[in-house]
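Throughout, protein chains are lettered first and strands after them, A, B, ... in sequence-line order, and every chain is numbered starting at 1. Side chains are part of it too, since the values below use all heavy atoms of this structure and drop only hydrogens, waters and symmetry mates.
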Protein chains: 2
Amino acid sequence: MLELIVNYVASLFINSNLNKDGEIMAKEKYLEIAKIINDRINDGTYQARQPLPDQESLAKELGVSRLTVKKALDGLERKGLVYKQSGLGTYVSGTIPIQTRYDSPANMFTGLRNLLGRDNVKSQIIKFNVEFPNENIQKYLCLKHSEPVYNIVRLRIVDDSPLIIEHTYMPVKLVPNLDENILHKSIYQYIHKELKLKFGHAYRKIRACKADQYDQKYLNAKKSDPMLELEQIVWLTNGDPIEYSTSRNRYDQRDYTIVENNRF
Amino acid sequence: MLELIVNYVASLFINSNLNKDGEIMAKEKYLEIAKIINDRINDGTYQARQPLPDQESLAKELGVSRLTVKKALDGLERKGLVYKQSGLGTYVSGTIPIQTRYDSPANMFTGLRNLLGRDNVKSQIIKFNVEFPNENIQKYLCLKHSEPVYNIVRLRIVDDSPLIIEHTYMPVKLVPNLDENILHKSIYQYIHKELKLKFGHAYRKIRACKADQYDQKYLNAKKSDPMLELEQIVWLTNGDPIEYSTSRNRYDQRDYTIVENNRF
DNA sequence: TTGGATTTGTACGTATGTATA
DNA sequence: GTATACATACGTACAAATCCA
């Protein structure tokens, strides 16, 4: 089974610069603080189920105001890394006993190559067309029939073993000049780094279904094997839908994980 | 197929009081504001893809400071209801074209009865034991062998049709005096309203699997049918794990949906 | 039961920065 | 360049939750 090394929080700091030592540095102070605290949790400075220093102390130590510390902690709490108890303090969350190295977070705006490491992911292009969108795709991506979309089917291969069939539609007008070279690497990388577009939110549906011809051919699924399917629409921060896709996984190779938080 | 009527945001206001007119009223101003804006989006006062009044105007109109409005909008943005563009304004998110009335949000801390309506959900108790936890359950719920757990298997029946098999473990010390009467209704209701406990966060795994004997017997699944399984641990706001459970669904009756946001 | 100490949460004001048209 | 609107950051004051003596 596929082994993943996931740092949920690393993805928080994609809007960051490099300082003179080549280290990741967020532009905003609260992200800096969040990263420092996150690192201290990871390196064991702050232990699971133990309290962090209070906000005032952290503020003093790190040279920011208490509210900036609070904003950082709020974010880390929403990600499930810490929990806060009014009147008591802020604590490091306990380890997650059902989490394994094979878990694959569903909340990923960064793409598979970013998650698994660029050298581990290869892509076989099964289909790469430009076409006028049918009625469904028009609806999903807010397009007119005259506005073309890419129709892409890729087999994502991890450690030389076929893992996912991804079927992706994207508006040409939002992602110009897509080519096979990019498809072999990472579309998300291209969208973020080259086009400077930023994902805002996504709606995802996860379901089980039966293996179809593609699954059997490309993922070596048996006809009687269940499949795990993720269907999603992804929007940019300006509200435009940029992607409609379905990803099909073998039931014995992948599951999707979610960290939820009961806070506003 | 099961028809759900979901209001994602309603669950935001569970920490609320009733005012003299019996209306839901949050204690905190920013929750009040969020509810007002949420309602205006639902009733069409603010239209999809259209800008809201700017924060300053809303603050003035609603008699709070701009930062309180911002805090409300930040929360609504994280839930996917609005998106903000620095320098431009705050906009109502577009409708979600792949969302159907059958979707079932995975991010539910409120329980099935709350989601579907109390009159629509019945529960058949297949198993209700108290026992000493095995090694796995000890690990999942941070318990010693000497600390008993409930071992509960319920068939959840919606509109007289069997929908889910839920297998739940809960520590007796955190949920005292559980009885069959409560199991027939809602455990979550009992935990929230009677015991005054509050859920903090959850870790969920969603996978596809093959139908087992239980699925075939109670959900009328065929042997060759895929099943959709949700496995989760739920923690209280004080960091204690309170629930380990697995829920199995027929592949043709349910999918799990997620709204994700790319913000800190 | 009460009161004090500690810690987090809410709310507002203000100033400045940043993104966009 | 200018105007607009949202974001960050700090300060301050007070409220609410928790624990302990």
Does any part of the side chain of B:Tyr150, heavy atoms only, come nearer than 4.5 Å to the side chain of B:Glu243, both counted from C-beta? no
Measure from CZ on A:Arg66 to C1' on C:dC12 and round the result to the nearest Å. 14 Å
Taking only side-chain N and O atoms of A:Tyr30, does any of them lie within less than 4.0 angstrom of OP1 or OP2 on D:dT8? yes
Test item: B:Tyr30 and B:Asp74 side chains (from C-beta on) under 4.5 Å apart, heavy atoms: no
Under 4.0 angstrom between B:Gln55 side-chain N/O and D:dT4 OP1 or OP2: no
Whole angstrom value for the distance that separates P of D:dA7 from CG of B:Leu88: 11 Å
Rounding to a whole Å, what distance do you find between B:Asp74:CG and D:dA5:C1'? 14 Å
Establish, with yes or no, whether the OP1 or OP2 oxygen of D:dC6 is under 4.0 angstrom from a side-chain nitrogen or oxygen of B:Lys70. no
Here the distance between atom P of C:dA19 and atom NZ of B:Lys84, to the nearest Å, is 15 Å
Does B:Lys71 put a side-chain nitrogen or oxygen below 4.0 Å from OP1 or OP2 of C:dA11? no
Parallel, tilted or perpendicular, judged at 30° and 60°: which one describes the rings of B:Tyr140 and B:Tyr244? tilted
What is the distance, to the nearest angstrom, from the CD atom on A:Glu32 to the C1' atom on D:dA9? 15 Å
Reckon B:Thr90 has a side-chain N or O less than 4.0 Å from the OP1 or OP2 of D:dC6? yes
Is B:Lys185 salt-bridged to B:Glu194, going by a charged N under 4.0 Å from an acidic O? no
If C:dT16 has a Watson-Crick or G-U wobble mate with both distances under 3.5 Å, name it; if not, just say none. D:dA7
Roughly, in whole Å, what's the span from CG in B:Leu31 to C1' in D:dA16? 15 Å
Rounded to whole Å, CG of B:Leu58 lies from P of C:dA11 at a distance of 16 Å
Can you work out whether A:Gly63 or A:Ser86 has the more 5'-proximal nearest nucleotide on DNA chain D? A:Gly63
Quick one: label A:Gln85 by what it contacts on the DNA or RNA (base, sugar-phosphate, nothing), any heavy atom closer than 4.0 Å. sugar-phosphate
Assess the pair A:Tyr256 and B:Tyr256: is the distance between their ring centroids shorter than 6.0 Å? no
Does D:dC10 have OP1 or OP2 sitting under 4.0 Å from an N or O in the side chain of A:Thr68? yes
Integer-rounded Å distance: C:dA19 P and B:Tyr91 OH: 16 Å
By nearest-nucleotide position on DNA chain C, the 5'-leaning member of A:Leu73 and A:Leu67 is A:Leu73
